[in-house]
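Worksheet: the structure to be examined is printed underneath.
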Amino acid sequence: MKLSVPGRVTATAVVATVSLLAGGSIAGAAPAGQPAVAAAPDIPVANVKAHLTQLQSIATANGGNRAHGRAGYKASLDYVKAKLDAAGFTTTVQQFTSSGRTGYNLIADWPGGDTNQVIMSGSHLDSVTAGAGINDNGSGSAAVLETALAVSRAGYQPTKHLRFAWWGAEELGMVGSRSYVNGLSTASRSRISGYLNFDMIGSPNPGYFVYDDDPAIEKTFKAYYAGLGVPTEIETEGDGRSDHAPFKNAGVPVGGLFSGADYTKTAAQAAKWGGTSGLAFDRCYHSSCDTTANINDTALDRNSDAVAYAVWELSQ
């Protein structure tokens with residue numbers, strides 16, 4: 001995330017409760033004469049962590065980071081692209097230049113669905129130069145990747161069209177996502193029904209923050225967490241400082257999740273979420289210690305399942 005300031009429950013176990021809280025019908029059931037609503041799958045946290053291990057290995061082999069314009073970033077993109085290509089996605093690599101270095105975005109479209117109604121999910125794939133960037137933002141990148149692969153495994157055929165994205169040069173000021181949005185025609189922008197952003201979702205001393213930029217998307221995430229019995233707060237720490245900002249500025253409805261960066265967890269937050277008050281949500285934010293050891297498995301698990309739930313819920 002670019003900032004300018006210093007006992008497991010599965011998705012399928014709560015999907016009926018969440019759907020009702022969101023004002024919908026129970027997943028898999030429907031009123032007479034209407035098609036059944038597909039249930040979001042559980043996202044195995046072990047699969048998400050396996051992607052993080054690969055991103056760590058890529059960083060280790062390439063100077064310790066996966067930053068814009070460095071070999072580690074391109075290797076990360078190649079890893080994600082290969083997984084998506086094998087799963088049947090149509091992938092596109094977009095190139096741009098920033099700070100004298102070449103950057104790349106990766107866009108993956110799932111065939112089918114109404115292309116006049118696009119649900120897009122994205123995360124930035126670059127790290128800072130100081131470290132491997134496993135929470136920031138391997139966590140969001142891995143969860144979005146595994147959700148896309150779950151779409152393929154399920155043979156999911158949503159009403160709306162699904163698009164996934166991994167952005168370059170977010171750490172330099174949302175350069176990749178801004179390049180993408182600026183390159184869209186007015187008609188293409190209007191076809192994006194919603195953009196979901198996932199930047200830092202496995203913080204080691206986590207909070208559960210939901211973007212409040214669009215009421216319908218916000219309600220979807222809040223309902224999911226209500227079904228888990230996990231309270232949420234509105235995300236303010238990184239407001240406007242991640243890849244949802246260019247979409248929001250272009251008039252696209254946006255939403256997303258965040259588990260906290262270098263702000264300090266309060267006593268009240270520790271009382272409702274656990275963890276340690278008086279310490280940062282992520283003490284390794286933008287540091288060399290942002291490795292695979294810098295992940296809270298419970299937060300990563302819950303948030304990854306929430307990614308899938310929102311993708312399924314909003315695309316039907």
Side-chain angles (χ1 to χ4, degrees), residues 1 7-28 37-43 45 119-123 139-140 143-144 147 158 160 192-203 205-245 247-248 252-261 263 265-266 268-275 281 296 298-316:
M1 172 170 283
R8 184 164 180 265
V9 181
T10 67
T12 50
V14 299
V15 68
T17 303
V18 172
S19 185
L20 290 173
L21 286 165
S25 58
I26 296 176
V37 178
D42 174 64
I43 300 299
V45 71
I119 295 296
M120 192 167 184
S121 303
S123 58
S139 60
V144 172
T147 296
K160 298 177 182 178
I192 303 175
S193 300
Y195 171 73
L196 312 179
N197 195 59
F198 305 100
D199 188 354
M200 301 180 65
I201 62 170
S203 302
N205 189 29
Y208 293 89
F209 298 98
V210 175
Y211 297 10
D212 67 346
D213 301 280
D214 178 79
I217 298 173
E218 177 189 355
K219 179 181 178 181
T220 300
F221 285 119
K222 283 185 171 180
Y224 179 81
Y225 281 102
L228 291 180
V230 175
T232 60
E233 290 185 11
I234 297 303
E235 195 283 310
T236 59
E237 181 178 357
D239 189 32
R241 298 191 179 99
S242 190
D243 294 299
H244 61 293
F247 287 88
K248 181 180 178 179
V252 175
V254 301
L257 300 175
F258 176 56
S259 57
Y263 277 23
K265 178 177 278 189
T266 66
Q269 290 170 329
K272 65 183 174 184
W273 290 327
F281 293 102
N296 180 283
T298 299
L300 185 68
D301 191 8
R302 288 170 171 171
N303 286 324
S304 297
D305 287 342
V307 175
Y309 177 78
V311 167
W312 258 254
E313 184 74 10
L314 294 168
S315 64
Q316 300 193 54

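Quick note: residue numbers are just sequence positions, from 1.
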side-chain contact (heavy atoms from CB on, under 4.5 Å) against Ala216, all qualifying residues, sequence neighbours excluded: Asp214
Side chain to side chain contact (heavy atoms under 4.5 Å, CB included) between Asn197 and Tyr211, worked out: CA-CA 9 Å; Asn197 195 59; Tyr211 297 10; 3.1 Å; yes
Verdict with supporting geometry, Ile234 and Glu218, side chain to side chain contact (heavy atoms under 4.5 Å, CB included): CA-CA 9 Å; Ile234 297 303; Glu218 177 189 355; 3.4 Å; yes
Audit row: Ser259, Asn303, side chain to side chain contact (heavy atoms under 4.5 Å, CB included) steps and yes/no: CA-CA 9 Å; Ser259 57; Asn303 286 324; 4.2 Å; yes
Minimum-distance pair of heavy atoms, taken over all atoms of Gly275 and Asn205: CA-OD1, 3.2 Å
Closest approach of Tyr224 to Ala306 (non-hydrogen atoms, all atoms of both residues): CD2-CB, 3.8 Å
Stepwise side chain to side chain contact (heavy atoms under 4.5 Å, CB included) test for Lys272 and Glu233: CA-CA 11 Å; Lys272 65 183 174 184; Glu233 290 185 11; 2.6 Å; yes
Flag, side chain of Asp305 to backbone of Ile43, donor-acceptor distance under 3.5 Å: yes
Contacts of type side chain to side chain donor-acceptor pair (under 3.5 Å), residue Tyr208, not counting sequence neighbours: Arg302
Geometric class of the Phe258/Phe209 ring pair [parallel <30°, tilted 30-60°, perpendicular >60°]: tilted
Residues forming a salt bridge (Lys or Arg N to Asp or Glu O under 4.0 Å) with Lys265, sequence neighbours excluded: none
Ser203 side chain to Gly260 backbone, donor-acceptor under 3.5 Å: yes
Set of residues satisfying salt bridge (Lys or Arg N to Asp or Glu O under 4.0 Å) with respect to Lys160, sequence neighbours excluded: none
Thr266: partners by side chain to side chain donor-acceptor pair (under 3.5 Å), with sequence neighbours left out: Gln269
For Ser242 against Asp199, the heavy-atom pair lying closest together: OG-OD2, 2.6 Å
Under the side-chain contact (heavy atoms from CB on, under 4.5 Å) test, residues paired with Ala143 that sit two or more places apart: Ile201, Ser304, Val307
Ring geometry between Phe247 and Tyr195 (parallel below 30°, tilted from 30 to 60°, perpendicular above 60°): parallel
Heavy-atom closest pair, residues Ser139 and Leu300: CB-CD1, 4.0 Å
Pro231 backbone acceptor or donor facing Trp273 side chain under 3.5 Å: yes
Closest approach of His244 to Val254 (non-hydrogen atoms, all atoms of both residues): O-CG1, 3.8 Å
Glu313 side chain to Thr220 backbone, donor-acceptor under 3.5 Å: no
Heavy-atom pair with the smallest gap, counting every atom of Ser123 and Asp243: C-OD2, 4.4 Å
Separation of Lys222 NZ from Asp212 CG (nearest 0.5 Å): 7.5 Å
Heavy-atom donor-acceptor pair, Ser193 side chain to Ile119 backbone, under 3.5 Å: no
